[in-house]
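What follows is one structure encoded as structure tokens, with my remarks underneath.
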2 protein chains.
Amino acid sequence: MSDDLDTVFAALADPTRRAILSMLLEDDMAVTDVAEPFKISLAAISKHLGILTRAGLITQEKRGRVKWCKLEPDALRDASVWMQGFGQFEPINLDAFERFLARELDAGS
Amino acid sequence: MSDDLDTVFAALADPTRRAILSMLLEDDMAVTDVAEPFKISLAAISKHLGILTRAGLITQEKRGRVKWCKLEPDALRDASVWMQGFGQFEPINLDAFERFLARELDAGS
DNA sequence: GCAATCGTCAACCATTCGGTTGAATATGCT
DNA sequence: AGCATATTCAACCGAATGGTTGACGATTGC
């Protein structure tokens, strides 16, 4: 459990991996397509995807010869909840609160 | 900005540092007192505190010969906001929502 | 003044990390 | 069958990480 937080936060600590997650926010992608906008090698991207997978932040499903990468946002929940534990010391953040609420209402209807 | 996320997430990726943050949630502490429950050396703790400071997660103020460590939860906000961007894909999390709301009400009165 | 306490610095060590390159393994196309 | 495409594996490299120990600079109290 604490170990999960280790791997999740470590995975998030790299800008390339965060960029990959943002890309996957749009849509599921094949490994080669994930790699396309980056300057680094495909093998490096493959490693990053392995780290994201081990952290539970994405899942990879091989269909034919292409492996599809899918965002798995549930894994962020534990980390998010952990961070919220510190929120009580923040001045009340109405902006964040209202955005949160708006999203909930929008998604719920 | 993306660089900030790097250092914040990297700082959170270590269980010792997360434990330190949790301790500081209770109260401000001197470096020696922070180190007390851990088995590792004082120098190692000093390094961890340096990393947390550089990430902006704590501040350290030297008063006399003792250096006080204080939680700085604002630094978590950017990281938290970044993570919330993925929240819209989560199923509605009413538990978290209600806890959030309860804290806001409690802190606000 | 002097000894004890608080904390950091410097050098070192083993391990991990992010990257490369080249070979290997599937799978698909014709 | 044979070639191209998709992805990973393996070995390697330099830099960063988390830890240690011992010396050092401040500060406090007797």
Side-chain angles (χ1 to χ4, degrees), chain A residues 2-24 27-72 79, chain B residues 2-24 27-72 79:
Chain A
S2 173
D3 206 28
D4 287 355
L5 285 179
D6 282 20
T7 56
V8 169
F9 281 129
L12 295 178
D14 184 278
T16 301
R17 288 193 289 265
R18 288 199 306 276
I20 291 174
L21 291 179
S22 294
M23 290 166 59
L24 292 177
D27 209 349
D28 299 358
M29 295 178 81
V31 173
T32 306
D33 295 332
V34 169
E36 197 271 330
F38 297 98
K39 289 192 295 285
I40 64 181
S41 70
L42 184 60
I45 295 291
S46 182
K47 280 191 191 177
H48 281 306
L49 291 172
I51 290 169
L52 289 171
T53 300
R54 253 169 275 125
L57 290 165
I58 68 171
T59 51
Q60 293 183 285
E61 183 198 355
K62 192 169 179 182
R63 222 155 40 225
R65 76 180 151 179
V66 18
K67 204 165 186 177
W68 293 92
C69 305
K70 183 182 187 320
L71 193 63
E72 211 61 55
Chain B
S2 173
D3 207 28
D4 287 356
L5 285 179
D6 282 22
T7 55
V8 169
F9 281 130
L12 294 178
D14 184 279
T16 300
R17 288 193 289 266
R18 288 199 307 277
I20 291 173
L21 291 179
S22 293
M23 290 166 59
L24 292 178
D27 209 349
D28 298 358
M29 295 178 80
V31 173
T32 306
D33 295 333
V34 169
E36 198 270 331
F38 297 99
K39 290 192 295 284
I40 64 180
S41 70
L42 183 61
I45 294 291
S46 182
K47 280 192 192 178
H48 281 305
L49 291 172
I51 289 169
L52 290 171
T53 300
R54 254 168 276 127
L57 290 164
I58 67 170
T59 51
Q60 295 183 282
E61 183 198 354
K62 192 168 181 181
R63 228 162 28 230
R65 79 179 149 180
V66 15
K67 204 166 187 176
W68 293 92
C69 305
K70 183 181 186 323
L71 193 63
E72 212 60 57

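These values consider heavy atoms only, across backbone and side chains, with no hydrogens, waters or symmetry-generated copies. The model shown is predicted, which means the values in this text are computed figures rather than measured ones.
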- request: Begin from the C-alpha positions of B:Leu57 and B:Glu72 and carry the test side-chain contact (heavy atoms from CB on, under 4.5 Å) through to its verdict.
  value: CA-CA 5 Å; B:Leu57 290 164; B:Glu72 212 60 57; 5.8 Å; no
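- The distance between atom CG of B:Asp6 and atom P of D:dA15, rounded to the nearest whole Å, is 19 Å.
- Within the structure, a side-chain polar atom (N or O) of A:Lys67 is placed less than 4.0 Å from OP1 or OP2 of D:dT8.
- Taking every heavy atom of both residues into account, A:Ala79 and A:Val8 meet most closely at CB-CG1, 4.0 Å.
- Here the side chains of A:Pro15 and B:Asp6 are in contact, with some heavy-atom distance below 4.5 Å.
- If one axis is set at each end of the helix from C:dG7-D:dC24 to C:dT30-D:dA1 from five pairs, those axes are 30° apart, to 10°.
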Donor-acceptor list for residues 36-55 of chain B side chains, cut-off 3.5 Å, not counting sequence neighbours:
residue, atom, partner, partner atom, Å
B:Ser41, OG, B:Ala44, N, 3.1
B:His48, ND1, B:Arg17, NH1, 3.1
B:Thr53, OG1, B:Leu49, O, 2.7
B:Thr53, OG1, B:Gln60, OE1, 3.1

- prompt: Can you check side-chain contact (heavy atoms from CB on, under 4.5 Å) on B:Leu12 and B:Leu21, steps first, answer last?
  reply: CA-CA 9 Å; B:Leu12 294 178; B:Leu21 291 179; 3.6 Å; yes
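- Using a 4.0 Å cutoff to heavy atoms of chain B, the contacted part of DNA chain C runs 5' to 3' from C:dA4 to C:dA11.
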Show me the side-chain donor-acceptor pairs of residues 61-68 of chain A shorter than 3.5 Å, one per line, residues at least two apart or across chains.
residue, atom, partner, partner atom, Å
A:Glu61, OE1, A:Arg63, NH1, 3.3

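- Going from atom CG of B:Asp27 over to atom CG of B:Leu71 covers 11.0 Å, rounded to the nearest 0.5 Å.
- Counting non-hydrogen atoms under 4.0 angstrom, B:Arg63 reaches nothing in the nucleic acid.
- Between the CG atom of B:Asp28 and the CG atom of B:Asp33 there is a distance of 11.5 Å, given to the nearest 0.5 Å.
- Counting all heavy atoms, side chain and backbone alike, A:Phe9 lies closest to B:Ala13 at CB-CA, 3.6 Å.
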message: Set out, in order, the CA-CA distance, both residues' side-chain angles and the distance that settles side-chain contact (heavy atoms from CB on, under 4.5 Å) for B:Met29 and B:Leu24, then state yes or no.
response: CA-CA 7 Å; B:Met29 295 178 80; B:Leu24 292 178; 3.9 Å; yes
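- Near DNA chain D, meaning a heavy atom under 4.0 Å from it, residues 33-51 of chain A has A:Leu42, A:Ala43, A:Ser46, A:Lys47 in order of number.
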Distances under 3.5 Å between nitrogen or oxygen atoms of protein and nucleotides 3-5 of chain D:
residue, atom, partner, partner atom, Å
D:dT5, O4', A:Arg65, NH1, 3.3
D:dT5, O2, A:Arg65, NH1, 3.0

